[in-house]
Amino acid sequence: MDKNREVLKHCPHFYTIINFEYYSDDLISEKMIDIYERFIFGTDITSSENVAKIEKLDKVLFKYINDYCFREQVKTDMMSIKVRRGENVLETIVNAILGFFDSYELLSTRKINITRWI
């Protein structure tokens with residue numbers, strides 16, 4: 001039980017992510033939240049590298065919930081993930097999600113969204 005509390009200290013958005021209400025036909029959001037839960041509670045938090053990855057994943061999933069454009073981009077990018085035989089599936093998917101976030105942040109800082117005021 002103490003390990004779970006330690007993990008939750010590094011995930012300030014845990015309850016927001018877990019309680020996210022997605023559409024019933026949105027399988028990708030359901031799987032993303034499941035991957036998030038399994039990864040943060042299944043990772044060894046004694047390593048600072050793993051803690052940094054958990055914190056970043058928490059930030060990415062919070063962005064996924066709150067940013068519609070990012071959510072749609074991740075949904076299209078999720079279909080391109082390939083896992084090689086012998087690799088840890090969960091680790092590979094999490095690394096791909098973090099990579100999607102990095103590329104989205106890089107592109108969104110270069111792109112100017114022009115909004116129309118009504």
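Listed by chain and residue number, V83, R84, T92 satisfy the side-chain contact (heavy atoms from CB on, under 4.5 Å) test with E87 (two or more places apart in sequence, or in another chain). Shown here are the side-chain contact (heavy atoms from CB on, under 4.5 Å) partners of N88, two or more places apart in sequence or in another chain: L90, E91. Contacts of L8 classified as side-chain contact (heavy atoms from CB on, under 4.5 Å), with partners at least two apart in sequence or in another chain: F14, Y15, F41. Partners of D44 by side-chain contact (heavy atoms from CB on, under 4.5 Å), not counting sequence neighbours, listed by chain and number: T46, N50. Scored by the side-chain hydrogen bond (donor to acceptor under 3.5 Å, both in side chains) test, K75 finds D26 as partners (sequence neighbours excluded). With sequence neighbours left out, the side-chain hydrogen bond (donor to acceptor under 3.5 Å, both in side chains) criterion links E37 to no other residue. For F101, the ring pair (Phe, Tyr, Trp, His ring centres under 6.0 Å) partners two or more places apart in sequence, or in a different chain, are F70.
No chain of hydrophobic side-chain contacts below 4.5 Å, direct or via other Ile, Leu, Val, Met, Phe, Trp or Tyr residues, connects I97 to Y68. When the side chains of ILVMFWY residues are joined at heavy-atom separations under 4.5 Å, either directly or via intervening members, V74 and Y22 end up in a single hydrophobic cluster.
Expressed to the nearest 0.5 Å, how far CG of L57 lies from NE2 of H10 amounts to 14.0 Å. S48 OG to E55 CD: the interatomic distance, rounded to the nearest 0.5 Å, is 10.0 Å. For the atom pair CG (D25) and CD (E30), the distance works out to 11.0 Å, reported to the nearest 0.5 Å.
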Mind running side chain to side chain contact (heavy atoms under 4.5 Å, CB included) on R71 and I28 for me, showing each step along the way?
CA-CA 10 Å; R71 187 178 324 138; I28 299 215; over 6 Å; no
Using the rule given for side chain to side chain contact (heavy atoms under 4.5 Å, CB included), can you reason through K56 versus D102, listing the C-alpha separation, both sets of side-chain angles and the distance that settles it, and then say yes or no?
CA-CA 10 Å; K56 186 171 182 182; D102 292 338; 2.7 Å; yes
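Shown here is E72, whose CD atom has more than 12 heavy atoms of other residues, nucleotides or ligands within 6.0 Å.
For the pair T76 (side chain) and Q73 (backbone), a donor-acceptor distance under 3.5 Å is present.
Nearest heavy-atom pair across I33 and I17 is CD1-O, 3.5 Å.
M78 has its side chain within reach of M32: a pair of non-hydrogen atoms, C-beta onward, lies under 4.5 Å apart.
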Under 3.5 Å, which donor-acceptor pairs link side chains of residues 58-66 to any protein atom two or more places apart or in another chain?
from, atom 1, to, atom 2, distance (Å)
D58, OD1, Y36, OH, 2.6
D58, OD2, H13, N, 3.3
K63, NZ, D67, OD2, 3.1
Y64, OH, S29, OG, 2.7
N66, ND2, F62, O, 3.2

